[in-house]
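First comes the structure, then the notes that go with it.
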Amino acid sequence: MSENSVIGFPAATGVGSMPGGDAREAAKTVTGSLEDFPFLPELPARGPGADMIGRTAGLLVELYARVEPSGWRLGDRPGRDTRRARSWLGEDLDALEEFTQGYEGDLKVQAVGPWTLAAALELRNGEVALSDPGACRDLAASLAEGLRLHLDEVRRRVPGARLVLQLDEPSLTAVLRGQVRSASGYRTHRAVDRQVVEATLRDLVGVYAGGPVVVHSCAPDVPFTLLRRAGAAAVSFDAALLTERDDEAIGEAVEGGTRLFAGVVPGTDGPLSDPAGSVMGVRTLWRRLGLRPGLLAEAVTVTPACGLAGASPGYARQVLAHCVRAARSLADNPE
């Protein structure tokens with residue numbers, strides 16, 4: 001088991017984004033609903049710089065990005081888009097600090113991982129950084145330093161917390177399969193070698209020696225084995241997208257000490273099942289894998305299927321509370 005593969009996360013948390021643009025309201029909801037495992041909310045409805053790519057671009061060290069009609073593009077110096085992203089992050093941190101006075105426990109902080117960032121940020125020529133191996137290396141190094149500084153700041157504001165870093169990698173499978181489209185849209189960029197992808201993630205996980213790292217993807221075909229080898233303590237995914245092809249990799253991950261952040265509650269408004277019904281698929285998976293039922297509560301954290309930016313505020317509050325109740329159902333009735 002790797003140093004970062006630590007069983008012992010609380011039973012429920014969120015993914016990252018929340019609806020609306022009020023940082024204090026979002027922090028109040030998250031800390032009130034998830035008393036054992038809150039997270040730093042992201043509020044993309046505020047616009048460019050609050051979206052997940054812009055927010056993470058604002059963390060980069062000695063690399064800067066600005067908004068172009070085609071998306072975020074790297075440039076030479078910080079401009080108003082960088083300043084806006086950093087200002088909104090400052091508001092979010094102020095709100096989190098206000099509602100976590102005296103808090104001691106796990107606290108999750110999210111950022112876009114190096115491969116999804118490389119698939120989204122454009123170079124000067126309009127192609128994404130993924131097209132240039134040197135640019136990918138520079139981006140990963142800048143991200144590592146930016147995350148180190150960001151986590152130091154969160155630690156200063158919430159000194160009693162054990163920080164859990166979540167890397168959002170929804171484009172990872174497309175990167176591995178050569179499915180990221182070029183600027184023209186007529187071709188795709190070459191698949192990145194799996195060993196290069198794994199090594200880059202391992203280096204980033206290694207930089208964060210202060211606690212466990214979760215890798216999140218709400219896309220199909222999450223590469224569980226690669227992420228486990230890269231040192232991820234947990235893998236976060238949309239449980240509705242799993243197929244039996246994933247069984248072997250998931251079973252090996254659990255037996256190796258990797259925790260599963262199972263996204264089982266829909267992220268957009270709709271009727272919610274009873275809490276036990278929400279985790280029925282997890283119990284079915286467990287039986288199919290032949291894993292010990294008593295291990296369920298130790299190995300699974302319950303989350304929404306993805307971020308809640310597209311939900312109404314009332315539904316977002318319901319979902320977070322529902323995740324807590326569903327996790328309790330898993331613990332009380334593992335079979």
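Along the sequence shown, residues are numbered consecutively beginning with 1. The analysis underlying the following values was restricted to heavy atoms, covering all of them including side chains, and did not include hydrogens, waters or symmetry mates.
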### Query
Between Asp246 and Thr243, is there a donor-acceptor pair closer than 3.5 Å when you use the side chain of the first and the backbone of the second?
yes
### Message
Determine whether a donor-acceptor pair (N or O, by modelled atom type, separation under 3.5 Å) exists between the side chain of Tyr103 and the backbone of Asp36.
### Response
yes
Do we see a donor-acceptor contact under 3.5 Å between the side chains of [X] and [Y]?
X	Y	answer
Thr303	Thr13	no
Glu169	Thr116	yes
Asp51	Trp72	yes
Asp269	Ser312	yes
Arg317	Ser33	no
Glu122	Ser70	yes
His189	Ser182	no

### Message
side chain to side chain donor-acceptor pair (under 3.5 Å), that's the test. Do Gln166 and Ser236 meet it? Break it down for me.
### Response
CA-CA 9 Å; Gln166 176 179 301; Ser236 171; 4.8 Å; no
Side-chain ion pair, [X] and [Y], N-O less than 4.0 Å:
X	Y	result
Glu198	Arg202	yes
Glu153	Arg156	yes
Arg24	Asp94	no
Arg162	Asp106	yes
Glu127	Arg187	yes
Asp92	Arg46	yes

### Task
Verify the neighbour count for atom CZ of Arg283: are there more than 12 heavy atoms of other residues, nucleotides or ligands below 6.0 Å?
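Yes, the 6.0 Å shell around CZ holds more than 12 heavy atoms from other groups.
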